[in-house]
Amino acid sequence: MNDRYDAGAADHGADQYELVGYDEYGRPVYRQVQGAQQTYDPYAQQHQQGYGYDPYAQTAQQPPSAYGYGTGAQPATDYGSYDPYGTATQQGGPAHDPYGRATAADATGRQPRVAEQAAQQTAHIPQQAGPVHDQETPDEPQREYHTEQFAFVEEPDANSEDVIDWLKFTENRTERREEARRRARSRIVALAVVLALVAAGGVGWLWYAGKLPGVSSEDSKAGSATAAGAQKRDVIVVHLHDTKGGGTSTALLVDNTTTERGTTVLLPNSLALTSDDGTTTTLAKSVEDDGSDGTRDALDTVLGTDIEGTWRLDTPYLQNLVDLVGNIDVDTDTDVPDPAAKKKGEAPLVNKGPDQTLSGKMAVAYATYRAPGEAQNAQLERFGQVMQGVLRKMSSDPKAATTTIQTLAQILDPSLTDNDLGTFLAGLSDLAKGGDLKTDLLPVRNDGTLSAQASAGVVKNVLGGTAKSPDKDAAVSVSVQNATGVEDNTEKARVVLLNGGFTFLEGGTGTARATSRVVYADAADKANAAEVAKTLGLPAGSVGKGKISASADVSVVLGQDYKPSAG
């Protein structure tokens with residue numbers, strides 16, 4: 001750079017220029033090293049002076065420009081003797097004070113700073129405080145600043161919208177996470193409540209069933225009996241009389257108004273009862289001999305119940321009742337032949353299968369049907385199915401149900417009026433339609449007495465009573481199986497034995513045989529067996545020792561040699 005201006009010095013005489021710095025626009029500033037202490041400003045418009053030098057200019061008269069292009073268009077500004085490195089003192093030039101540390105008048109008599117002379121021509125460098133003398137001189141105009149001179153002016157950022165969108169996304173994601181946590185907490189609380197309820201229900205059931213650890217079975221049973229006994233029940237007894245085939249079927253209709261559940265309790269004909277004179281009899285015999293009042297009282301005694309009325313339902317009325325309610329649907333367990341069929345092999349009146357629609361005639365045939373050799377309980381359960389179907393089709397409105405009963409035009413027992421029976425059946429119908437009516441068979445031993453299972457299950461829980469069967473040791477129990485080929489011989493033998501002071505147990509029907517047989521198992525019962533044979537009119541040679549039912553003392557198989565008239 002010094003060589004450049006040394007070359008220029010040869011063209012302009014003895015004047016030489018030295019680079020001393022750059023202004024706020026990045027342009028170089030020079031000073032004259034030789035001459036009459038005059039600082040050269042390459043931008044000042046001093047064309048009359050011949051010391052302006054530009055090594056790249058076309059004419060030698062133009063001073064050097066700030067960018068080395070000798071256009072001469074820029075006014076020359078004298079910045080004074082500026083020495084950014086503090087080395088100008090040895091060359092005789094005045095030191096430049098850009099921050100106004102020097103006074104306006106130099107006390108030493110040196111030439112005033114050139115910067116003060118060009119204050120109105122050159123803008124102050126940004127980011128630096130202006131000279132003190134600029135602020136202290138009132139005659140000088142106020143210096144103006146423009147925003148483009150400052151680097152801290154904010155410019156619109158193209159990514160600002162992306163940043164906002166990202167912030168919104170982050171906020172929304174945070175809210176979703178919080179909402180998910182709240183839902184998870186709600187689910188956990190709900191699950192805990194459900195588990196607590198299930199656990200409480202399980203504990204309650206275990207306590208009710210007497211299976212809760214630490215609670216004795218006796219205490220549990222006592223508590224259950226108390227709870228069962230405190231419930232309100234409405235009970236009536238219904239007797240189905242088969243006017244054509246003979247025999248009866250009995251059931252208890254129970255409406256538990258406390259638990260809002262109903263039950264049809266089927267009572268086997270072999271149930272042992274105590275008659276008014278204190279003798280032991282069976283349910284079937286009591287219905288025939290003692291009638292409604294005597295049988296109802298005997299049932300209350302043996303079951304510990306309070307039966308409110310008796311409904312005698314003969315088979316013709318059952319047929320009319322089924323037709324009035326519009327047929328019934330039953331899951332039949334066997335084919336039932338038509339009693340009016342003239343030839344064997346004709347199509348059955350009732351077909352076996354689920355959901356069979358039965359008319360009145362078909363319902364009576366199914367309810368009273370008992371296959372050869374079949375126990376009476378099988379026929380009793382069919383009767384229960386028919387009653388269940390009737391109650392499901394009966395109207396749940398008490399007035400409508402009463403009208404149905406009145407339409408039957410049957411003569412009821414004085415203990416039960418049309419209105420009472422209709423209202424009672426309407427309540428059971430409502431339970432049956434809701435699935436709250438079940439059917440239970442009362443378990444009875446072969447000797448007609450009640451077992452512990454019956455006492456704890458049906459009698460105590462369903463009926464809310466206490467079983468009081470006749471004393472087993474009060475009379476000798478006799479099991480009778482009919483092998484004579486004549487169905488009525490069973491009933492005739494039962495009457496003879498009951499009149500002789502024995503307890504009759506029905507043993508069913510067996511294959512026909514010529515001779516009768518009387519068997520005892522214990523030697524102590526040999527005399528009792530001989531007395532049974534004598535009562536039935538059988539020969540003494542028919543008595544022998546053998547295996548018998550555990551519930552009977554003596555077992556009898558009636559053969560064709562049995563003559564009922566002899567008894």
Side-chain angles (χ1 to χ4, degrees), residues 232-244 246-257 262-267 269 271 273-279 281-325 360 364 367-368 380 383-384 386-387 390-391 394-431 442 462-465 468:
K232 177 67 172 60
R233 298 172 179 85
D234 295 327
V235 183
I236 68 170
V237 56
V238 53
H239 301 295
L240 176 65
H241 289 258
D242 187 358
T243 58
K244 291 184 177 181
T248 59
S249 301
T250 304
L252 295 178
L253 302 180
V254 183
D255 183 3
N256 191 322
T257 58
T263 307
T264 301
V265 180
L266 304 177
L267 305 181
N269 283 335
L271 175 64
L273 301 177
T274 302
S275 60
D276 294 338
D277 57 2
T279 61
T281 186
T282 61
L283 174 61
K285 182 63 176 177
S286 177
V287 172
E288 292 183 3
D289 296 343
D290 298 335
S292 299
D293 292 340
T295 303
R296 183 170 61 247
D297 294 339
L299 288 174
D300 285 339
T301 300
V302 73
L303 299 177
T305 58
D306 184 11
I307 301 174
E308 301 173 6
T310 300
W311 180 20
R312 174 168 175 157
L313 183 63
D314 294 346
T315 50
Y317 292 108
L318 175 60
Q319 179 176 340
N320 294 337
L321 179 60
V322 173
D323 292 335
L324 284 174
V325 298
V364 170
T368 59
L380 187 61
F383 168 57
V386 171
M387 291 302 301
V390 170
L391 292 173
M394 180 76 69
S395 175
S396 300
D397 179 45
K399 293 182 178 181
T402 300
T403 301
T404 302
I405 295 301
Q406 291 174 346
T407 305
L408 293 176
Q410 66 178 142
I411 300 175
L412 298 176
D413 187 89
S415 62
L416 193 64
T417 65
D418 293 338
N419 184 67
D420 293 339
L421 180 58
T423 302
F424 180 81
L425 295 179
L428 288 180
S429 175
D430 188 47
L431 296 176
L442 180 67
V462 177
L463 300 176
K468 298 178 181 179

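In this structure, M394 and L428 have side chains that are not in contact, with every pair of non-hydrogen atoms separated by 4.5 Å or more. Side-chain contact check for W311 versus L412: some heavy-atom pair is nearer than 4.5 Å. Side-chain contact between N256 and T263: absent, with no pair of heavy atoms (C-beta onward) separated by less than 4.5 Å. Side-chain contact check for L299 versus L267: some heavy-atom pair is nearer than 4.5 Å. A 4.5 Å side-chain heavy-atom check between T243 and P316 finds at least one atom pair inside the cut-off. Using a 4.5 Å cut-off on side-chain heavy atoms (C-beta onward), L425 and L253 make contact. The side-chain heavy atoms of L416 and T310, taken from C-beta on, include no pair separated by under 4.5 Å. No side-chain heavy atom of T305 sits less than 4.5 Å from a side-chain heavy atom of V235.
The two residues D255 and F424 make their nearest non-hydrogen contact at CB-CE1, 3.9 Å.
Here the side chain of T282 pairs no donor or acceptor atom with the backbone of L271 at under 3.5 angstrom. In terms of modelled atom types and a separation under 3.5 Å, the side chain of D418 and the main chain of Q406 share no donor-acceptor contact. Within the 3.5 Å criterion, the main-chain N or O of I307 finds a donor-acceptor partner in the side chain of D300. For the pair T315 (side chain) and V364 (backbone), a donor-acceptor distance under 3.5 Å is absent.
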Kindly indicate, with the supporting measurements, whether the criterion side-chain hydrogen bond (donor to acceptor under 3.5 Å, both in side chains) is fulfilled by S395 and D397.
-> CA-CA 5 Å; S395 175; D397 179 45; 5.1 Å; no
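With respect to the salt-bridge test (charged N to carboxylate O, under 4.0 angstrom), the residues R312 and D314 qualify.
Defined by atom type and a distance below 3.5 Å, a donor-acceptor pair is present between the side-chain atoms of T250 and H239. One side chain, D413 or S415, offers a donor N or O that lies under 3.5 Å from an acceptor on the other.
Atoms CE and CG, on M387 and L240 in that order, are 8.5 Å from each other to the nearest 0.5 Å.
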